[in-house]
Visitor: 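The structure under discussion is supplied below as structure tokens; questions concerning it will follow.
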Amino acid sequence: MRNYLAKRLLLTFPTAFGILVLVFVLMRIIPGDPARLMAGERATPEQVAAIREQMGLNDPYWVQFARFVGEMATGDFGESFFSKRPVMEELMARYPATVELTLFAMVIATVAGVLAGVMAAVYRGSILDHGVMALALVGVSMPIFWLGLQLIILFSVKLGWLPAGGRVDPRLGWQGSTGFVIFETLFRGEWTVFWDAFRRLLLPAVALATIPLSVIARVTRSAMLEVLGQDYIRTARAKGLSERVVIFRHTLRNALLPVITVVGLQVGSLLGGAVLTETVFSWPGIGRYIVQSIEARDYPVVQGGIVLIALAFVVVNLIVDLLYTAIDPRIRYS
Amino acid sequence: MNRQSPLRRLFRHRNALLGGAIILTLVVMVACAPWVAPYDPLDADLTRALRPPGGEFLLGTDEQGRDLFSRLVWGGRLSLLAGVSAIGLALVLGTATGALSAYFGGWVDLLVMRVMDIMLAFPSILLAIAITAILGPGLGNAILAVAVVNIPYFARLVRASVLSIKEQEYVQAAEALGADHLRILAGHVLPNALAPLIVQATLGLGWALLDIAGLSFLGLGARPPDPEWGSMLSRAQAYIQVAPWVVTYPGLAIMVAVLGFNLLGDGLRDALDPRLRR
């Protein structure tokens, strides 16, 4: 077990390093001179040259790369061209919004997806099964930004039930200390703010959850069907156990492994989808910030944001793998 | 045992037929765009802006008074062509990468596959966004970005096929007969990898359409006034209150096309690759 853990942990380093190499190379292909970009349109050639020297752009590439890795490792992502504040600070101010959104979407996708998959498998061949599978297929075929717009049209414009964007009503004048609006207000019992924030979270989270939900439902169904065909399920039924116990205790538990894998893999689609969802719903998270920074050609922010999200994905995959070993003892010994 | 030919299995697969029919209809429609579209997709006339669907304009008009249906038909040309180009490029580059990597083996293989793993460590749309952000916005760069993002999938598939086939007796026989390596690779090894590649390409087309539409929506892909399904949505966002149809139909078109590729891809997998059947 300890060997496996150590090996798995060690394996994340080359990946993280590779991500840095890739981002470093990508950022050097940018057409145009970063020093000129930073200096602005009206800078004199001398000013540009001074900034070049100051940014270390005259050093050989391997020196630049070593410096880059050092900076990334210490969380120094440079300074935003636009706000002149440290990129790390800017990103940290926005990441709670992204975390709350993706976390909530993940919960919706997992709970609803597993439930739908179980129902489809239990009532295999029924209208319910066909309905769930058809919806799951439509779910992975939809552009999520378009689904977001449709949800706004229906629930905000037509029905007027939910707000169309933003994270919390500015008129409430809420000032939190952590940035996690939902968690903080829930913890402190500030119900007015909590309710407002919750209503705003609902639509983007549902839009973002759609693809993972569909994938999880499909995987759960096929995993359930496989287990339902096993001898020990027949034995359990023959013993006279109630159907509920057979389904949830005997079948679902054994079908969970592929489901957990796919939940982990979907985090990638969630983090990517967050970029689009945040843009549609004016959600003040990292995804929208990256898009705005691309428009403003604020490269340090783009670079830092992408590294941060990619590393988050690597860490989540690591956690999933560890969870996997906790659930399935067979893996530890292989 | 099921001993029908793959083609026959495909034709008996209801979902695959449906998917194929959807794709065929869309392809015919966009190929005949000049005859199908009743108006010029770029012909703006502010006096007829934001007309609701029905009547003179089948699906209504957009904010500049252009016929939405005509724009969708012409936009389909751009969107489908972009998707096919991206996946075609990924197929060629990925196949070459995977085949050469498996062929050379050793540290080349190790290095190439590590690079592929790292690319897969990024959420695909995020990597595509990063690449387009660097290359600059535009449909061509968006296609390139989506192609690059898809390379690892094809490379892994081909590499696995090549590795498993390399040791087979008929390949060794061909080698003993003096066939050169390229010939063995092209004549014996790759045809065996064809089935999974076709499936991957079909399903990949669906993803590519979604990613390209997403990039255009963010303003990184097709630029106005060119009609493209994703960029049409990007512009329409502002009219969500007054003219919901301009936000609805382009997305519906994307969904139908992607659904078609997904249905066809699933069906092809069932028909071509019996090992993967459940």
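Naming convention: chains lettered A, B, ... in sequence-line order (proteins, then strands); numbering from 1 in each chain.
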Visitor: Do B:Ile129 and A:Val275 come within less than 4.5 Å of each other through their side chains, counting heavy atoms only?
Guide: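 Yes, their side chains come closer than 4.5 Å.
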Visitor: Let me know if A:Ile19 has heavy atoms under 4.5 Å from chain B in its side chain, its backbone, both or neither.
Guide: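 Its backbone and side chain both get close to chain B.
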Visitor: Heavy-atom distances under 4.5 Å only: say whether A:Glu226 touches chain B with side chain, backbone, both or neither.
Guide: neither
Visitor: For B:Asp211, which atoms come within 4.5 Å of any heavy atom of chain A: side chain, backbone, both, or neither?
Guide: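 Neither part.
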Visitor: Looking at B:Pro250, B:Ala130, B:Pro123, which has the largest count of heavy-atom pairs under 4.5 Å with chain A?
Guide: B:Pro123
Visitor: Side chain, backbone, both or neither: which part of A:Val21 has a non-hydrogen atom closer than 4.5 Å to chain B?
Guide: neither
Visitor: Name the option with the most non-hydrogen atom pairs under 4.5 Å to chain A; the candidates are B:Asn15, B:Leu126, B:Val256.
Guide: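 Maximum pair count with chain A is reached by B:Leu126.
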Visitor: If I measure from the heavy atoms of chain B, does A:Val291 come under 4.5 Å with its side chain, its backbone, both, or neither?
Guide: side chain
Visitor: With a 4.5 angstrom heavy-atom cut-off, is it the side chain or the backbone of B:Leu220 that approaches chain A, or both, or neither?
Guide: side chain
Visitor: If you tally heavy-atom pairs under 4.5 Å against chain A, which of B:Gly230, B:Ala128, B:Pro244 wins?
Guide: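 The option with the most such pairs is B:Pro244.
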Visitor: Pick from A:Leu137, A:Val302, A:Ile290, A:Val23: which one has the most heavy-atom pairs with chain B under 4.5 Å?
Guide: A:Leu137
Visitor: Do A:Thr279 and B:Leu218 have side-chain heavy atoms sitting under 4.5 Å apart?
Guide: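 The answer is yes, as the side chains (C-beta and beyond) meet within the 4.5 Å cut-off.
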Visitor: Could you look at B:Leu215 and say if it's the side chain, the backbone, both or neither that has a heavy atom under 4.5 Å from chain A?
Guide: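 For B:Leu215, neither part sits under 4.5 Å from chain A.
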Visitor: When rounded to the nearest 0.5 angstrom, what is the spacing between OG in A:Ser269 and CH2 in B:Trp207?
Guide: 6.5 Å
Visitor: Given the rule in the side-chain contact (heavy atoms from CB on, under 4.5 Å) test, do A:Val280 and B:Phe217 qualify, once you have shown the distances and angles that lead to the verdict?
Guide: CA-CA 10 Å; A:Val280 172; B:Phe217 177 73; 3.6 Å; yes
Visitor: Compare every heavy atom of A:Gln150 with every heavy atom of B:Val247, then report the nearest pair and how far apart it is.
Guide: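 Smallest interatomic distance, heavy atoms only, reads O-NE2, 3.4 Å.
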Visitor: Quick one: closest heavy-atom pair of A:Pro143 and B:Ile254, and the distance?
Guide: CG-CG2, 3.6 Å
Visitor: I'd like to know if the side chain of A:Trp146 and the backbone of B:Thr248 have a donor-acceptor N/O pair within less than 3.5 Å.
Guide: yes
Visitor: Can you confirm whether A:Ile127 is buried at CD1, in the sense that more than 12 heavy atoms of other residues, nucleotides or ligands lie under 6.0 Å from that atom?
Guide: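 Open.
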Visitor: To check you understand the geometry: which heavy-atom pair defines the closest contact between B:Ile125 and A:Gly273, and what is its length?
Guide: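 The answer is CG2-N, 4.3 Å.
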Visitor: What are the two closest non-hydrogen atoms of A:Ser141 and B:Asn262, and how far apart are they?
Guide: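 Of all heavy-atom pairs spanning A:Ser141 and B:Asn262, the closest is OG-ND2, 3.0 Å.
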Visitor: With a sphere of 6.0 Å drawn around CZ of A:Phe24, does it hold more than 12 non-hydrogen atoms of other residues, nucleotides or ligands?
Guide: yes
Visitor: Going through the distances and angles, do B:Arg114 and A:Thr15 end up as a side-chain contact (heavy atoms from CB on, under 4.5 Å)?
Guide: CA-CA 8 Å; B:Arg114 276 324 280 174; A:Thr15 313; 3.3 Å; yes
Visitor: Hey, what do you get for CG (B:Leu127) to CG (A:Leu26), rounding to the nearest 0.5 Å?
Guide: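 The CG atom of B:Leu127 sits 7.0 Å away from the CG atom of A:Leu26.
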Visitor: On a heavy-atom basis, which atom in A:Phe313 and which in B:Leu120 lie closest, and how many Å separate them?
Guide: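 For A:Phe313 and B:Leu120, the tightest heavy-atom pair comes out as CE2-O, 3.9 Å.
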Visitor: As an exercise, state the distance from CG of A:Leu22 to CD1 of B:Ile118, rounded to the nearest 0.5 Å.
Guide: 7.5 Å
